[in-house]
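Reading through the structure tokens given below for one structure.
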Protein chains: 2
Amino acid sequence: MATIKDVSKHAGVSPATVSRVLNNSELVVEKTRVKVMAAVEALGYRPNTLARAMASGRSGIVGMVVPEMSAPIHARFIGEAEKLFRQHRIQLIGASGHCDPEQERDAIEFLLQCRCDALILLVEAIDDGYLKQLANREANVVLLNRHVAGLESQCITLDNLQGSFTGASHLIELGHKRIGCITGPQNKQDARERFEGFQQALQQHQLIQNPAWCVEGEFTEASGYQAMAKLADQQLTAVFCGNDEMAFGALAYCRKHGIAVPEQISILGFDDLHFASYTFPALTTMHFPADTMAIAATEFLLSNCYNIETANSAPVMTYLPTLVSRDSVADISPVE
Amino acid sequence: MATIKDVSKHAGVSPATVSRVLNNSELVVEKTRVKVMAAVEALGYRPNTLARAMASGRSGIVGMVVPEMSAPIHARFIGEAEKLFRQHRIQLIGASGHCDPEQERDAIEFLLQCRCDALILLVEAIDDGYLKQLANREANVVLLNRHVAGLESQCITLDNLQGSFTGASHLIELGHKRIGCITGPQNKQDARERFEGFQQALQQHQLIQNPAWCVEGEFTEASGYQAMAKLADQQLTAVFCGNDEMAFGALAYCRKHGIAVPEQISILGFDDLHFASYTFPALTTMHFPADTMAIAATEFLLSNCYNIETANSAPVMTYLPTLVSRDSVADISPVE
DNA sequence: TTGTACGCGTTATCAC
DNA sequence: GTGATAACGCGTACAA
């Protein structure tokens, strides 16, 4: 593959001049520029990003760690960020952390070796201390969906507590009193927050909180299905699910066992996955603005790390889930 | 960040020796190796992947282009490949082509500038000529889901035609005679192949092929929904869908309009997305082994580009979709 | 077994 | 405006 030297010889100028032309330096006379561009064309020259990074001290690479690249919600994060970054000729590289402290750490170390200019981290298992040290000494870091004390200005988070509070309140307003809950794994922060918001809503309305009505799932359909099996004979009128996938599982259980949703039982999800509108009944759920948050993280770095000002260079750092009403929740409040 | 020179000074050896230790060269005495490793630890040294790539002429980067990184099926491709590559300390970087020739080309050029050692391409719009030239001159290339004459040995494809033939035949064997079809966009190769297989199956069983029974969709739920609207009054007993997403749309239409699936009409999908088992009724569909194919592509490159032999270094290049029977297709064959 | 010196392809800092 | 030249951090012949 042709190098900058090849181009310079072909054009009869110095490598430095070629570099200037390629980097849109003003200090190049039109005639020279044309000559150089012609040589670039003729040789099919492609600047070497690696060499460029070495020389300039900027890699033009942003790394991103998500739990699982193949999970729909994470794919959305990556997809949106990649699209926006590439418009600015910045390469996003992804790595998966699998919610395991060692694997997350390994992923981060790996990205650091690639000399990423910045890191977008959606990590759950790794400890705060490591992240703080990372942010202070090693790299430009944005934390997604995680709150670390001292790093507030770099955390883009979803207000899970407020979101599930809103969701549970919606159920209550519709007349539901016997409300069950399928929570996510309680070793995860977001699952805990979502459970907490649910509990607070019930508490505020002085509703019964029966431990038998709360089952811990694993954020998967299968676990939602099994959780619903345990909840089925508790005479509940509604079930609040920690995420959509468990809600899908719960829905599947109800269909399988002839429990009509929402006539016999209402089901509320959380995340608003793409498929939520195609279940039967279509899932009422709390919308998680993943796209918006991915874009916010991207714009934050574009501005803070690359000095590129975008339409929205001071992105909002905390997002609120909004209720998306579909067909899986019934209004059972007494008729006036 | 510490460099190899810093480490060498700290350890009191030459940079070359540090390099040897880091690359597991045999020519290092144990005592030296310990000294060096201690220095590495002490300084928190991380080898610079970029510099390493420059010096060795190997970037250790594989690029991958998919139509849309946020689409579930593509996310699966990327996720699987990344997982396997990273075990071998190879970085996968993804870019989206959006099914547009210019954007696909741009994505490829961009990856080439990053000096990827190899490219995994899931591109639909770009022309064969460009790909051939690329494969012959520029890089190690694997084509996913695309057959290019002359590049057979580097194409990992799904036998769409055989798959839809199998699917349609299944419908026919179950007694269906009035079978409609919602095809994907006919400017896409896979959509055409799937339609072709469908037609061949009908032809072989001498069934009617009414043009009014075939509607072209766009591989999206919305288009499947609309297509089903056109098909609803054609007295069909089954509809073959070019992919699952359109089948989801068709399912949604049926529910909305009180058409019972599969009692009144059977629906068959194609792809076997994760979500297919959670629709109502659960979707009968043709399984697209995306995970397996992604792993095949990865192993192919591991072997052919990095000389790393894996469990399965001579992967199968053509895959056959298999029928996954769920609940959306009814047996209406006359009782014997 | 270890050290020296050069090259990888580019940018940046000087002179001219 | 343009051209030498020295970095950037590492791998690797070659020498010792």
Side-chain angles (χ1 to χ4, degrees), chain A residues 1-37 39-40 43-61 89 91 110 112-117 138 306, chain B residues 1-40 43-61 89 91 109-110 112-117 138 306:
Chain A
M1 188 159 296
T3 74
I4 201 170
K5 276 187 194 164
D6 299 331
V7 175
S8 73
K9 277 176 201 157
H10 191 102
V13 296
S14 76
T17 300
V18 177
S19 176
R20 287 193 191 95
V21 172
L22 263 27
N23 293 290
N24 299 313
S25 165
E26 304 300 316
L27 320 164
V28 175
V29 84
E30 182 60 18
K31 201 175 127 193
T32 314
R33 139 175 260 98
V34 172
K35 245 189 340 193
V36 170
M37 289 314 288
V40 167
L43 271 51
Y45 168 73
R46 289 193 193 85
N48 184 330
T49 303
L50 268 36
R52 197 171 257 196
M54 287 249 9
S56 68
R58 271 212 160 299
S59 67
I61 300 176
R89 315 254 70 186
Q91 177 64 51
F110 190 50
L112 247 23
Q113 292 194 359
C114 290
R115 293 302 184 269
C116 291
D117 297 326
E138 311 275 17
Y306 293 105
Chain B
M1 187 160 295
T3 74
I4 200 168
K5 272 188 197 164
D6 299 330
V7 175
S8 71
K9 277 176 199 158
H10 191 103
V13 297
S14 76
T17 300
V18 177
S19 175
R20 288 193 191 93
V21 172
L22 262 27
N23 293 290
N24 298 314
S25 166
E26 303 300 318
L27 320 165
V28 175
V29 82
E30 181 60 19
K31 200 174 129 195
T32 314
R33 134 174 265 99
V34 171
K35 248 192 331 196
V36 170
M37 290 313 289
V40 166
L43 271 51
Y45 169 73
R46 291 193 192 86
N48 184 329
T49 303
L50 267 34
R52 198 171 254 195
M54 289 249 10
S56 69
R58 271 214 159 296
S59 67
I61 301 175
R89 315 253 71 187
Q91 176 66 50
E109 292 289 329
F110 191 50
L112 248 20
Q113 292 193 0
C114 291
R115 293 304 184 268
C116 293
D117 297 327
E138 312 275 16
Y306 292 105

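So you know, we letter chains A, B, ... as the sequences are listed, proteins then strands, and number each from 1.
- Judged purely by atom type and a 3.5 angstrom limit, A:Ser59 has no side-chain atom pairing as donor or acceptor with the backbone of A:Ala53.
- Between B:Ala39 and B:Ala11 the shortest heavy-atom distance is CB-CB, 3.8 Å.
- Between A:Thr17 and D:dG3 there is a side-chain polar atom (N or O) within less than 4.0 angstrom of OP1 or OP2.
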Checklist entry - If the sugar-phosphate is the primed atoms plus P, OP1 and OP2 and the base is the rest, what is the B/S/- string for nucleotides 8-16 of chain C, using protein heavy atoms under 4.0 Å? => result BBBSBB---
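- By the side chain to side chain contact (heavy atoms under 4.5 Å, CB included) test, B:Ser56 is found to be paired with B:Arg58, residues two or more places apart in sequence or in another chain being considered.
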Item to check | B:Lys31 vs B:Val34, side chain to side chain contact (heavy atoms under 4.5 Å, CB included): CA-CA, chis, key distance, verdict | outcome: CA-CA 5 Å; B:Lys31 200 174 129 195; B:Val34 171; 6.0 Å; no
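- For A:Tyr45, there are no side chain to side chain donor-acceptor pair (under 3.5 Å) partners at least two apart in sequence or on another chain.
- What separates CZ of B:Arg58 from P of D:dG9 is a distance of 24 Å, to the nearest Å.
- One interatomic measurement links the two molecules: CG of B:Asp6 to P of D:dC8, which rounds to 11 Å at whole-angstrom precision.
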